[in-house]
Amino acid sequence: MIENTENKMPPNFIKEIIDEDLKNNRYTKVHTRFPPEPNGYLHIGHAKSICLNFGLAKEYAGLTNLRFDDTNPTKEDVEYVDSIKEDVKWLGFDWEDRLYFASDYFDTLYEYAIKLIKKGKAYVDSSPFEQIKEERGAPTKPGVESKYRSRTIEENLELFQKMKAGEFEDGVHVLRANIDMTSPNMNLRDPILYRIRHAEHHRTGNKWCIYPMYDWAHGQSDSIEGITHSICTLEFENHRPLYDWFVEQLEIHHPRQIEFARLNLNYTIMSKRKLLRLVEEKHVSGWDDPRMPTISGLRRRGYTPESIRNFADRIGVAKRDNVIDLSQLEFSIREDLNKRAMRVMAVLNPIKVELLNYPENEVEQLDAINNPEDESMGSRKLPFSRELFIDADDFQEVPHKKFHRLSPGNEVRLRYAYIIKCKEVVKDANGNIEKLLCTFDIDTKSGTGTSDKKVKGTIHWVSAKHAVNIEVRLYDRLFNVSAPDSEKNIDFIEHINPNSLAVLKNSMAEPFLKNAKPGERFQFERLGYYCVDSKDSSENKLVFNRTVTLRDSWAKIENQ
RNA sequence: UGCCCUAUGGUGUAACGGUAACACAGAGGCCUCUGGAGCCUUGGUUCUGGGUUCGAAUCCUAGUAGGGCAGCCA
């Protein structure tokens, strides 16, 4: 396997920080966490974070928790909780018995809030929404203090208790921290800790009608879990002083937050909101549509966990904004599947070939190697007969000057079989090719060494009467521009590639594929990697998804 | 006209003060019963200007450029 076996990711600034923390005894172990909000499916960007958090812990012999930051009941759902667990597991990571929810800490968080109020560090603000917004100021304009800021501790305690008891409508009061309305860091301008939301929570039901804000819940959750290094993305950099302030005021365990740049992929959108829109507006078949950058989409597309982990290692982690080339992801899956996928022959767009000098009812069983990269995968038998299918792309009636495949009067090798020559093109009334009449050279049988005839090309084929009909879904990038959501005035939906999916219903595969099981991956020789669709494929109707094409140097020649 | 962060070949990431490395992509070539795989070759005055130093991609400083921050979202 290509994956490095030393459990080591390449050097990065986070490891340097951890090394230093360990050396200085700031912490004596490494404990990380992956903290998704269950409001959507995980995508390849999350995979980067998952690999980072679990990878770091593994490398330092530490632990990683899975914690759902479920502080907003109006946006979250168990469907997402389940999918996230499945995806993390599938990626190959194990949180063991450390599955947590921020909602597990609602009681503790409430106690913490009381503590803050008693210290005079939090107050109930009864200003209307608009007023709070107004008083917060702007990045370049200091905020002003709320008139409720000077309420007594007793008054705050009583009001907060009543908020919890459900005595107020949504939005009537909020609990705010008492910090500094003039701070240049907006996060420190008396941030809201609790809001009233009479909504049912997917775990706590109707127990609560006040819910903690993310900023109030997140850092304390990390603290409660004894997290040493809270790895998060760059946009929370400005929140760090606030989180530090909370744990200092509360005098509780102080995790160290380290921010890194999130993953961006060209020709891809990563925003959960926008992915949700693709699903809701049915531009794709669901969160697991093989064109989606979600983990479930990549899985259905045929990506392996190993390939994604290697990808994450390869792209590294740093603080500068980045856009990774899609080819990097494609390389990762080709690299992995090249080593492990069984080779098989399938004809996407069949043209019939008749071998005029091959006996009518004869069938030969030819030897075919299952994987030239891995001898242990052995070989199999391929039936060969008078009538075959080859791919339309492998025949040109008027060949391009560098075309090495079949054309009238030309010879080509049939992989694992014979060299054939095209004698005649048979067409129907509309001029469409019906079949190719060819002859085969009996001395050129593969493996016999009875002929030293050389031809420039080798093509794949399938025996017509033995072939199994399959459906093939050819996927291409979902968007036709490299940065689909970069223009403010153009809806990213307009950049959807109309050819992102092509369905071929008449493809033919060698009989071995008859027993292919959902999720199984193959290389269709000379074409690419394909996997049996996990949803729509059945024994009667095999459906294959194209994971990725093989590198195609012919395409380059052809385009010149 | 505030605060925070960032700046290395086309794209990423490394180099931890001693003369730029690795991967992907691109371009050449070799090899080949997958035009696959594999192998070889080929790109950078390290954003700019000052400074510190025997020596700077690395430290300081001033610019410039990009990103983030004004949800009772996360």
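Small disclaimer: the values here were computed from a predicted structure and weren't measured. Here is the naming used below: chain letters follow the sequence lines, and residue numbers restart at 1 for every chain. Only this structure's heavy atoms are used, side chains among them; waters, hydrogens and symmetry mates stay out.
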Output yes when at least one side-chain N/O atom of [X] is less than 4.0 Å from OP1 or OP2 of [N], else no.
X         : N      : answer
Arg405(A) : U34(B) : no
Arg136(A) : G71(B) : yes
Arg189(A) : G2(B)  : no
Thr71(A)  : A74(B) : yes
Arg551(A) : A37(B) : yes
Lys319(A) : G67(B) : no
Arg526(A) : G35(B) : yes
Ser553(A) : G36(B) : yes
Arg320(A) : U13(B) : yes
Arg195(A) : A74(B) : yes
Lys133(A) : G71(B) : yes

- So, is G67(B) syn or anti if syn means the angle is within 90° of 0? anti

- Task: Answer syn or anti for G66(B), where the cut-off is 90° from 0 on the glycosidic torsion.
- Result: anti

To the nearest angstrom, how far is [X] atom [atom1] from [N] atom [atom2]?
X         : N      : atom1 : atom2 : answer
Glu335(A) : G38(B) : CD    : P     : 8 Å
Asn185(A) : C5(B)  : CG    : P     : 11 Å
Lys339(A) : U34(B) : NZ    : C1'   : 16 Å
Asp215(A) : C69(B) : CG    : C1'   : 12 Å
Asn322(A) : A23(B) : CG    : C1'   : 15 Å
Asp336(A) : G36(B) : CG    : P     : 20 Å
Asn264(A) : G68(B) : CG    : C1'   : 13 Å
Asn310(A) : U13(B) : CG    : C1'   : 15 Å

Base, sugar-phosphate or nothing for [X]? Non-hydrogen atoms, less than 4.0 Å.
X         : answer
Arg415(A) : base
Arg240(A) : nothing
Tyr211(A) : nothing
Thr182(A) : nothing
Tyr194(A) : nothing
Val317(A) : sugar-phosphate
Pro36(A)  : nothing
Phe129(A) : base
Gln523(A) : base

If we call it a pair only when both distances are under 3.5 Å in a Watson-Crick or G-U wobble match, what pairs with [N]?
N      : answer
U19(B) : none
C59(B) : G51(B)
U64(B) : A7(B)

- Considering only A25(B), G12(B), C4(B), which nucleotide approaches the side chain of Ser327(A) most closely? A25(B)

- Identify which nucleotide among U34(B), G12(B), U6(B) has an atom closest to any side-chain atom of Val323(A), counting heavy atoms from C-beta outward. G12(B)

- Gap separating the NE2 atom of His43(A) from the CG atom of Leu265(A), nearest 0.5 angstrom: 10.0 Å

- Under 6.0 Å from the CD1 atom of Ile192(A), do we count more than 12 heavy atoms belonging to anything else shown? yes

- Task: State whether the number of non-hydrogen atoms from other residues, nucleotides or ligands found under 6.0 Å of Glu79(A) atom CD is greater than 12.
- Result: yes

Checking [X] against [Y]: charged group under 6.0 Å from the ring centre and within 45 degrees of the axis?
X         : Y         : result
Arg67(A)  : Tyr100(A) : no
Arg197(A) : Tyr211(A) : no
Lys164(A) : Tyr110(A) : yes

- Between Pro11(A) and Asp125(A), just flag the one whose closest nucleotide in RNA chain B comes earlier from the 5' side. Pro11(A)

- Ring centres of Phe331(A) and Phe311(A) under 6.0 Å apart? no

